[in-house]
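Because the structure is a prediction, the values reported are computed rather than measured. For the numbers below, each heavy atom of this structure counts, side chains included, while hydrogens, waters and symmetry mates do not. Chain letters run A, B, ... following the sequence lines, proteins first, then strands; residues in each count from 1.
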Amino acid sequence: MKVDMIGISKSFGKNHVLRDVDFHLKDAEVHALMGENGAGKSTLMNIMTGLLSANDGDILVDGQQVHFNGPKEAEEAGISFIHQEMNNFGEMSVLENLFLNKEIKNKFGLVDDYTMRQQANRIFKTLHINYDLDRPIGELSIGSQQMIEISKAMMTDAKVIIMDEPTAALTSSEIRSLFEIVRHLKKQGVSFIYISHRIEEIMQIADRITVMRDGHTVDESFISDTSVEQIVTKMVGRDIGDFFPTRQVHVGKTVLSVSNLNSKNTFHDISFSVQEGEILGFSGLMGSGRTEIMRAIFGVDAKTSGDVSIDGKIVQIKEPSQAIKQGIGFVTENRKDEGLILDFSVAENIILPSLNDLVKHHILDEKTKVDFVDLLIQRLTVKTDGQNISVGSLSGGNQQKTVLAKWIGAGSKILILDEPTRGVDVGAKREIYNLMNELTDRGVAIIMVSSDLPEVLAMSDRIAVMYEGTLMAIVDSDDKLTEADIMTLATGGKKL
Amino acid sequence: MTRAKVEQKSSESVNQKKFFSQLAGLGPVLALVVLVIITTMMNSSFLDVNNLLNLLRQVSINGLIAFGMTFVILTGGIDLSVGAMLALTSALTAMMITSGVPTLLAMLIGILIGGVLGGINGLIITKGGAAPFIASLATMTIFRGATYVFTDGNPITGKVMNDSFAFQFIGRGYFFGIPVPVIIMIVAFIILYILLHKMTFGRKTYALGGNEKAAFVSGIKVKMTKTWIYVISGIMSSAAGMVLISRLSSAQPDAGTGFEMDAIAAVVLGGTSLAGGRGRIFGTFIGALIIGTLNNGMNLIGISSFYQQIVKGIVIIIAVLLDRRKSA
Amino acid sequence: MTRAKVEQKSSESVNQKKFFSQLAGLGPVLALVVLVIITTMMNSSFLDVNNLLNLLRQVSINGLIAFGMTFVILTGGIDLSVGAMLALTSALTAMMITSGVPTLLAMLIGILIGGVLGGINGLIITKGGAAPFIASLATMTIFRGATYVFTDGNPITGKVMNDSFAFQFIGRGYFFGIPVPVIIMIVAFIILYILLHKMTFGRKTYALGGNEKAAFVSGIKVKMTKTWIYVISGIMSSAAGMVLISRLSSAQPDAGTGFEMDAIAAVVLGGTSLAGGRGRIFGTFIGALIIGTLNNGMNLIGISSFYQQIVKGIVIIIAVLLDRRKSA
Amino acid sequence: SITNPFQVNRLQERKKPGDLKIGVSLSTLNNPFFISIKDGVNEAAKKEGTDVQLYDGQNSTNKQNNDVEDLIQKKVDVLIINPVDSSAITPEVKSANEAGIPVITIDRSSEGGKVLSLVASDSREGGKMAATFMIDALGQNAKIAQLQGTPGASATRERGAGFDETAEGHLNIVTKQTANFDRTQGLNTSENIAQAHPDIKGLFSQNDEMALGAVQALKSQEDIVIVGFDGSEDGINAVRRGQMAATVAQKPKEMGKLAVQATYDYFQGKKVSPNIKSPLELVVADKYK
Ligand SMILES: Nc1ncnc2c1ncn2[C@@H]1O[C@H](COP(=O)(O)OP(=O)(O)OP(=O)(O)O)[C@@H](O)[C@H]1O
Ligand SMILES: Nc1ncnc2c1ncn2[C@@H]1O[C@H](COP(=O)(O)OP(=O)(O)OP(=O)(O)O)[C@@H](O)[C@H]1O
Ligand SMILES: O[C@@H]1[C@H](O)[C@H](O)CO[C@H]1O
Ligand SMILES: [Mg+2]
Ligand SMILES: [Mg+2]
């Protein structure tokens, strides 16, 4: 199926998000859509599928002008959209989620769970996945939920499948099986629009690419005719040089050490330590327990046994406020859930962990607050119209920087970053890496949990690899270490 | 091998989870059983068939309202106007009957009016974008005021009402030895159970309450579905009103005052989360039975009415704390 | 040049945003002004200094409760037990006074008890993990029942209460021509305003309501802060109780019934979102004034009491719809 | 100071009924009893062309006090108050005294302040009448139950006291439960009472609303002697039909009229009795006549 979007414009109030955008999807191709955070990619797709209506422009499907009044109409026309934000229902079962609003009914008009079950199992088989259909979907990891979203799209007999950052939460093996499916379906004539901030993936899977910047289409070309450098330059508007900045490591004394940490189900017997100025990477498959360890250290979740020491002294951390007192900061995996109060301003978010330092005579000092926030916004180059702008209106990358600003402002000596660059565009990623280097130069210790292998390899000084709740090994990250080495450990293979 | 291991592990934990979630689903049932045992120990006549039928009949009005309220609360909403809708529709129905409209027709119209009142709530909430709490608080005042205006504050009674067999049957009749209100409640339960658990409407209801934005993106007509849910609440309230006027042989303008709280309590005791998205109508049934047993049992035991309130409050807290999983 | 343009544009839009958000903040004020104009047109004596003081005094009780409720609602919670806390603390205070405890001491103890009752709510909600709605519904029943038990259902009156100057002064005295309850309300407003808008406690309150998980991860002691907020609600309710018993020269066991609804209405009319995280205590003040003006104004105009309810409900709906921004 | 400095004392003057403005504050309008009071007031006032401002206290002492303040604000000539509670109304009666507005209370008294007149039936006496009737109808030591009104209401206390006093030693009151003067609650509570005490022979209900609920609850046990209180329209009809054995009828409409008449007398310089008794009458079903 061919889809052409011609001269699309869209504004939210005074904010012109799309200006005269053209987008052409051919039959049976994988078409990558790239651009910085906030370039308008998701908005463009929302328009294509009728979730938003454009202020101007036309949409043609196979040359025929169409107008979808909602996602259901688009789906009936053969266009299926896997959203960037997980659009599922945590309390409802996998089965219910799979068939939501397209339930199969029997002749009495009742939902036919039996047939739906069979159909679901069939799809799972073709995708080589297996989930309990009766389990509430919210209990599955984000990666599994993502796979289920993908199954959902497959089930609709779609001719066009839009994937908005499908791999943000997937591990490499899952990404591999996803790509297999994509290639397989492409052969059967299905077209894909593939949105991602991971250029390596796009080079692997896409046939053509459209690059957007500031609401414009700046380029459309065949992947074979372009290169990573060219794409990045078009996206960002300038050359950003090496993707990963080089690190100068000056490791100091041990600041945090964890010994024999256990939780009820998710991890056991975890021991490791981090030094001043060091970046300790945490790698592993999804669900291997990395996030849980960090949450236990920071006092978000309870641990069953084990000790955490700061500067050699055992400390009791039962809730985050105690962790913060010890100089720990935590950038959570899920920015929108736990990192930010989206409705609140940048300033209100940044000051939260530092409230007690901003009072004079028990009263919050407005001027100190404004200066404090301004300084952080400038140092981290958060792109915002001012400190009173609501954080929810910033682009993903800038939201992430705001979370970092919170913890840097709180004077954290130890920073735990859980998937710090998930969903962040290349330009912003690069800035976050620079920031990490700057922090370690000042003696901050960083623990970085990441599922992005190239990132872990490039940024970490040492890498801890998790497998099913156990710490397989902590390896030095040097030139000899490869992705394959890490994967071996992460899948339960032998220690090096 | 690794793969198999992972799967085995996960299926194990799934089974465990299933077991626990089923047990949790049984929480309200257990609470009810404990309550029944205690009450029976203190007054054995509690278990008389007669008293049980009596209890079921007393529960029927709160039950009907609470069934409708379950849908509303599943969407994360609330309907404080149920008692006032009951009063307004009963008054109008009684007025129709006393002025000569055939009983069943009048009741049908009364129930339709209930649906319309519910629809008004729904539209204020969906089209107007008002929070359900405040919207239904306002309509509660309006419907109650309207009832007083229509009735001039007087109860509506009439010889027709005492003489009409159909009218008396609804609230006071028996069918194979079972009180008609109980039968009405059970029929309503079955219909709503099917609607909620076996039809797409129910899936939409859960989806709405679980994640409204995602429901919208999934193509669910959020506003329409929600409006219908408030219509259901209106219909159930007016149906309860029909039972009530028949039981009392008259319509009171202040009928139903405070019924919203009993209905909400039944829903929450039954394990439905006030945050929406989680719960079951069967739980509501149990919740209504718990409240009914409390009221009936304490009367039987002869606990002074002052202490009855204290006991009721404490039982609610205990039941809710036992069923800690819910929040918001 | 582009840079400059962008900056200019952005600062423009910031100013615009500020302007609109301030205007939106003015919504309730505008509603109040319109209401005052209409009422004055229909009965000019509304604007008499005497009547305005009278109105403010009438508002004071709901105002005090609603100020406390503002904190609760800002966290996304609700406190249905305010009326029952008022009744229980007033009854206990009146009993102390009639049995010889010095008035001011008794009142102080009464207010402390209010804080303790609020703390009970807070603990059930935070430690117990119960939803605020159902927790406070249950304690409402318990506190009310306890009031009946303590008073045996009788109002508490005594000669001391009629003779004590201090006692009478709280509810009925004047200070530079301004009724004392009004002064109490204004002092409470100023204290709570500072607490909410100028101190860290307020930031924590908002953060909690905006995103509890994020607040927790940011090091806010969520449970402790929340518990204190319910304590504040208890203190404000009992303070309102002190004013009420002094105004009535007696404590009624059924005092405060339904006060929760007026308080919630004031908070919501004032622009605070029931979902939490957004709102201002100044808005609540205006909201309470709107309700007070409605009650007083309709009395002055002479609208029949049945129609008063309808008008009140409609005004609430209109006000909420005009201030559409809020949801949940 | 406790008195409002803006307050002006007005002198009493003679006024014709047509020039009078009467302020009425009723405890509630969700009970037919009070509707009848309202009707009585309106009927009497209409005849003479008197202006009536009537508010509904919705059973809230606080609301009622606000209402009375508003009436004082409106400078009515007289206040006719049916208090929610006798003690809680005291301050407002005093305020009215200060403002020089005469106060007449209906049905329930005011514990403090100066009241021109109380128009009421004697609730205690009514309770006694009910007990006496029951003893006559059922004989000595019959088992009976009592449905109580809203806890704390003077009607509840006084009717209960009068009934219990007389019943003492003659009737066996096996249970007392509150049904808050409400018909629905009267129904449910009576059903439960009948279950717990299947052998009761009589039931005294402190008002007709609850009694009518009991009638529905006890339909299958028609021999139970149900005695209500109020003589409301529905109540009297039930007595006529023989569903209730008797009701202690008050004359609420009469009360309203008497209060207005007292106002007229006062403003014509006539003496007004401080206690105007509204008649009580035991309305009895045919079979007990
Ligand atoms: N509903 C909305 N209301 C107002 N502004 C919006 C809305 N949705 C998106 N925007 C704004 O439109 C712009 C484009 O957003 P969009 O989500 O399309 O970007 P994107 O290219 O998908 O970015 P990302 O890579 O971060 O997903 C952003 O500035 C965003 O803030
Ligand atoms: N809310 C939850 N309910 C049930 N199980 C959960 C929940 N959250 C996580 N788990 C399980 O806990 C285990 C550890 O998850 P954790 O998030 O720590 O893994 P991770 O290595 O950080 O992987 P991810 O990439 O998914 O974040 C997994 O088995 C996961 O499925
Ligand atoms: O006298 C009245 C009536 O009996 C009414 O039924 C309840 O309140 C009392 O004061
Ligand atoms: Mg996007
Ligand atoms: Mg993780």
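With a threshold of 4.5 angstrom between heavy atoms, D/T184 approaches chain B through its backbone and through its side chain. Residue D/K176 does not touch chain B at all, counting heavy-atom pairs closer than 4.5 Å. Contacts between B/L248 and chain D at a heavy-atom distance below 4.5 Å involve backbone atoms as well as side-chain atoms. Using a 4.5 Å cut-off between heavy atoms, D/Q177 contacts chain B through its side chain alone, with no backbone atom that close. Heavy atoms of B/N295 lying under 4.5 Å from chain D belong exclusively to its backbone. For a residue to count as touching a neighbouring chain, one of its non-hydrogen atoms must lie under 4.5 Å from one of that chain's; by this rule D/I35 touches chain B with the side chain only. For D/I193, no part lies near chain B; criterion is any non-hydrogen pair under 4.5 Å. Neither the backbone nor the side chain of D/N237 comes within contact range of chain B; no heavy atom of the residue lies under 4.5 Å from a heavy atom of that chain. Heavy atoms closer than 4.5 Å to chain D are found in the backbone of B/I303, but not in its side chain. For a residue to count as touching a neighbouring chain, one of its non-hydrogen atoms must lie under 4.5 Å from one of that chain's; by this rule B/F306 touches chain D with the side chain only. With a 4.5 angstrom heavy-atom cutoff, D/D234 touches chain B only via side-chain atoms.
What you find for D/A196 and B/N43 is that their closest heavy atoms are CB-ND2, 4.5 Å. For the residue pair D/Q195 and B/S45, the shortest heavy atom distance occurs at NE2-O, 3.4 Å. Across all non-hydrogen atoms, the minimal contact from D/T189 to B/N299 is CA-ND2, 3.9 Å. Minimum heavy-atom separation, B/R172 to D/A217: NH2-N, 4.3 Å.
Heavy atoms of other residues, nucleotides or ligands lying less than 6.0 angstrom from CZ of B/F175 number 12 at most. Heavy-atom contacts from other residues, nucleotides or ligands closer than 6.0 Å to OH of B/Y307 number 12 or fewer. The 12-atom threshold is exceeded at CZ of D/R241, counting heavy atoms of other residues, nucleotides or ligands nearer than 6.0 Å. Within 6.0 Å of NZ on D/K251 lie more than 12 heavy atoms contributed by other residues, nucleotides or ligands.
The structure places CG of B/N154 at 7.5 Å from CD of D/E233, a figure rounded to the nearest 0.5 Å. One finds the CG atom of B/N296 at 9.0 Å from the CG atom of D/N188 (value rounded to the nearest 0.5 Å). Within the model, atoms CD of D/Q216 and OG of B/S246 stand 8.5 Å from one another, a figure rounded to the nearest 0.5 Å. Taking CG of B/N50 as the reference point, atom OG of D/S220 lies at 8.5 Å (rounded to 0.5 Å). To the nearest 0.5 Å, atom NE2 of residue D/H197 and atom CG of residue B/L300 are 8.5 Å apart.
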Carefully, step by step, assess D/N192 and B/Q58 under the rule side chain to side chain donor-acceptor pair (under 3.5 Å). CA-CA 10 Å; D/N192 296 337; B/Q58 288 177 7; 2.8 Å; yes
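Within residues 251-261 of chain B, the residues that have a heavy atom under 4.5 Å from a heavy atom of chain D are B/Q252, B/D254, B/F259, listed by number.
Ranked by heavy-atom pairs under 4.5 Å with chain D, the first of B/D48, B/N51, B/D152, B/I301 is B/N51.
Side-chain contact between D/K219 and B/S249: present, with at least one pair of heavy atoms (C-beta onward) separated by less than 4.5 Å.
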